[in-house]
Protein chains: 2
Amino acid sequence: MRLSTKGRYAVMAMVDLANTSQGSPVALADIAERQEISLSYLEQLFAKLRKGGLVKSVRGPGGGYLLAFPSDVTRISDIILAVDEPIHTTRCAAGSPAGCRTNRSRCLTHDLWEELGNQIHLYLSSVTIADVVHRRVLGTSGLVLRSPAKASAVAAE
Amino acid sequence: MRLSTKGRYAVMAMVDLANTSQGSPVALADIAERQEISLSYLEQLFAKLRKGGLVKSVRGPGGGYLLAFPSDVTRISDIILAVDEPIHTTRCAAGSPAGCRTNRSRCLTHDLWEELGNQIHLYLSSVTIADVVHRRVLGTSGLVLRSPAKASAVAAE
DNA sequence: ATAATTCTTGACCGGTTTTCTCGGGTATCA
DNA sequence: TGATACCCGAGAAAACCGGTCAAGAATTAT
């Protein structure tokens, strides 16, 4: 799961769309103005969102985009996965987990990155567009560690 | 909290260092070879790690680097913070939260990114170098949501 | 019909950031 | 004094980001 500004823009736009649309299509130009994102760039993002099945488009005058699902169904992770092609965090991951095994201590960190990816995905999967619109994003320490090792040390930052 | 290859390299190197060193200094050239990272680049990373107080250096023949603390004390988040200068994820965050308030629906996503950063930091703070060396990284779903909204939907990826 | 509106698609580009290299230092030890 | 290994700053190479441009297709209003 990649985290770039592209993904952030897409989420901002989708939240804006959910927040603005009352069942009727919203033109990209409107979203572009409100969110201060260039129209051409938004077009690229929504092309991917449409391919991902997250929005529907309505052409012609009065047209625009609509959410394909109610805002409490689409999760933030869906949006980011739709616009940001995945990244290889482990250097050995996809193609050849072989090189991982041959070199003894090489990929000690492999599990770490994989698990971190899981954590991020888990969090972004727990938040829907509706949650963001209604500011229902969990406050700090919304998550609880199963084994709270050194939980106190966290504050030391 | 930023997540780049630079941070990953630093973590790989620190884990290798912890795994190799038996109290005696480890030369960067050795780490560079094992982890397949260029020596010159490693030198840059360790310069920052040294400034951050995470490692000690020993010059001259037989010299190298040593962990400044036992491996179960240094957390992964410490390493990443030492080498990757922080980033502004929200575009309005640091300098002027003003622009955030004036534009009504502009920064609905602000809280989301902030909270995501917290989640990542929280996880990386819960893992120490020793945890990685001994493969004590939590398996999937090591975290439990306080309010498990749509927990089932996560599997649908 | 036809014109206006809006999405659709794909190629391309300049600037910034990130990653990495190079070359020369400096401390330390045999 | 020479070999080892850290130390440091200037840049080159590559990737990425945010954006532009242009041509086209579908739909609706007139």
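Note on naming: letters A, B, ... go to the chains in the order of the sequence lines (proteins, then strands), and numbering restarts at 1 for each one.
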B/Thr20 and B/Arg34: side chain donor to acceptor below 3.5 Å: yes
Salt bridge (Lys or Arg N to Asp or Glu O under 4.0 Å) involving B/Lys6 - partner list, sequence neighbours excluded: none
Between C/dT19 (P) and B/Met12 (CE): distance, integer Å: 13 Å
All side chain to side chain contact (heavy atoms under 4.5 Å, CB included) counterparts of A/Ser38, not counting sequence neighbours: A/Ser40, A/Tyr41
Per-nucleotide protein contact string for nucleotides 8-15 of chain C, where B marks a base within reach and S marks sugar-phosphate only (heavy atoms under 4.0 Å, - for neither): BB------
d(CG, B/Leu42; P, D/dC7) in whole Å: 13 Å
Residue closer to the 5' end of DNA chain D, A/Val58 versus A/Ser4 (nearest nucleotide): A/Ser4
Side-chain N or O of A/Ser38 closer than 4.0 Å to phosphate OP1/OP2 of D/dT20: yes
Rounded distance in Å - NZ (B/Lys56) to P (D/dC6): 16 Å
Integer-rounded Å distance: C/dC7 P and A/Leu17 CG: 11 Å
Distance test, side-chain N/O of B/Tyr9 to OP1/OP2 of C/dC20, below 4.0 Å: yes
Nearest-Å distance for atom pair NZ/P, residues B/Lys48 and D/dC7: 15 Å
Whole-Å gap separating P (D/dA14) and OH (B/Tyr41): 15 Å
Integer-rounded Å distance: C/dT6 P and A/Ile31 CD1: 13 Å
Nearest heavy-atom neighbours spanning B/Gly23 and B/Leu66: O-CD2, 3.5 Å
Separation of atom CG in B/Leu3 from atom P in C/dT17, rounded to whole Å: 19 Å
Residue pair B/Leu54 / B/Leu67, side-chain heavy-atom distance below 4.5 Å: no
Considering all heavy atoms, the nearest B/Met14-B/Val55 contact: SD-CG1, 3.5 Å
Contact summary for B/Leu45 and B/Val83, nearest pair of heavy atoms: O-CG1, 4.0 Å
